[in-house]
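The model shown is predicted, which means the values in this text are computed figures rather than measured ones.
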Amino acid sequence: MSRRLLSIAALLAGNAIGLLLAALLLDGFSIAPLSLIVVVIVFSLIQALAEPLIRRLSARNLPALQGGISLVVIFVGLLVTELVTSGLVVGGISNLLAATLLVWLGALIAGILLPVYVFKSLREPKA
């Protein structure tokens, strides 16, 4: 499998783990079981589209935001995914903020562990 497809699979798996972590730990945050795949794909697409835009805007207007760009992208991704899909219910602003941290943490841990244990070819340097 190509390195690019493995990277996409690792991103989707990391986002799924983060979203499931938030669903398990937060009351009111839920993902419909049959909608999990759609929610993960939509959330990941929104992240992929929003990140360059938010990064560019923050570099010009809010340079101090550069360190927290992932958190802002996840926040926006959760908000938009809830609006465009029926399978995700965030359950209020406090859940949105807590879910942002949990999804970020889950995706971060998955991003570190998945290449080590599952997608071993991602550890190798690019040729």
Side-chain angles (χ1 to χ4, degrees):
M1 195 180 281
S2 76
R3 188 174 180 86
R4 186 166 185 79
L5 288 176
L6 287 175
S7 294
I8 291 170
L11 172 73
L12 290 172
N15 283 340
I17 290 168
L19 288 167
L20 288 172
L21 181 66
L24 288 172
L25 295 177
L26 297 174
D27 290 333
F29 187 98
S30 65
I31 301 172
L34 296 176
S35 300
L36 177 64
I37 294 171
V38 172
V39 167
V40 169
I41 291 171
V42 169
F43 177 71
S44 298
L45 283 173
I46 291 168
Q47 275 189 303
L49 295 172
E51 184 175 4
L53 176 66
I54 292 171
R55 188 174 300 280
R56 195 173 318 123
L57 287 173
S58 69
R60 286 187 204 147
N61 303 326
L62 297 167
L65 187 61
Q66 288 294 313
I69 214 74
S70 294
L71 291 170
V72 174
V73 169
I74 290 171
F75 179 87
V76 169
L78 286 171
L79 194 61
V80 174
T81 302
E82 182 183 30
L83 294 173
V84 300
T85 66
S86 60
L88 176 67
V89 177
V90 172
I93 191 71
S94 61
N95 269 1
L96 181 60
L97 294 172
T100 298
L101 291 174
L102 287 171
V103 170
W104 173 77
L105 184 62
L108 175 69
I109 292 170
I112 293 168
L113 296 179
L114 285 175
V116 172
Y117 296 108
V118 180
F119 301 108
K120 294 179 182 182
S121 64
L122 290 177
R123 289 185 300 168
E124 300 165 3
K126 291 182 182 179

Using the rule that Ile, Leu, Val, Met, Phe, Trp and Tyr join whenever any side-chain heavy atoms are under 4.5 Å apart, tell me whether [X] and [Y] fall into a single cluster.
{"X": "Ile93", "Y": "Leu71", "result": "yes"}
{"X": "Leu11", "Y": "Leu21", "result": "no"}
{"X": "Val40", "Y": "Ile17", "result": "no"}
{"X": "Leu49", "Y": "Val84", "result": "no"}

For the atom pair [atom1] ([X]) and [atom2] ([Y]), what is the distance rounded to the nearest 0.5 Å?
{"X": "Gln47", "Y": "Leu78", "atom1": "CD", "atom2": "CG", "result": "8.0 Å"}
{"X": "Ile46", "Y": "Ile41", "atom1": "CD1", "atom2": "CD1", "result": "12.0 Å"}
{"X": "Leu19", "Y": "Ile74", "atom1": "CG", "atom2": "CD1", "result": "9.0 Å"}
{"X": "Leu26", "Y": "Leu101", "atom1": "CG", "atom2": "CG", "result": "10.0 Å"}
{"X": "Thr100", "Y": "Leu105", "atom1": "OG1", "atom2": "CG", "result": "12.5 Å"}

What closest approach, in Å, do [X] and [Y] show between heavy atoms, and which atom pair accounts for it?
{"X": "Ala107", "Y": "Asn15", "value": "CB-OD1, 4.1 Å"}
{"X": "Ala22", "Y": "Leu102", "value": "CA-CD1, 4.0 Å"}
{"X": "Gly87", "Y": "Val39", "value": "C-CG2, 3.9 Å"}
{"X": "Arg55", "Y": "Ile69", "value": "NH2-CG2, 3.2 Å"}

State, yes or no, whether a side-chain contact exists between [X] and [Y] at a heavy-atom distance under 4.5 Å.
{"X": "Val89", "Y": "Asn95", "answer": "no"}
{"X": "Leu97", "Y": "Phe75", "answer": "yes"}
{"X": "Phe29", "Y": "Leu88", "answer": "yes"}
{"X": "Leu12", "Y": "Ile37", "answer": "no"}

Starting from the C-alpha separation in whole Å, work towards a yes-or-no answer on side-chain contact (heavy atoms from CB on, under 4.5 Å) for Phe43 and Val103.
CA-CA 11 Å; Phe43 177 71; Val103 170; 3.9 Å; yes

Under the side-chain contact (heavy atoms from CB on, under 4.5 Å) criterion, do Leu36 and Leu20 qualify, and how do the steps go?
CA-CA 9 Å; Leu36 177 64; Leu20 288 172; 4.0 Å; yes

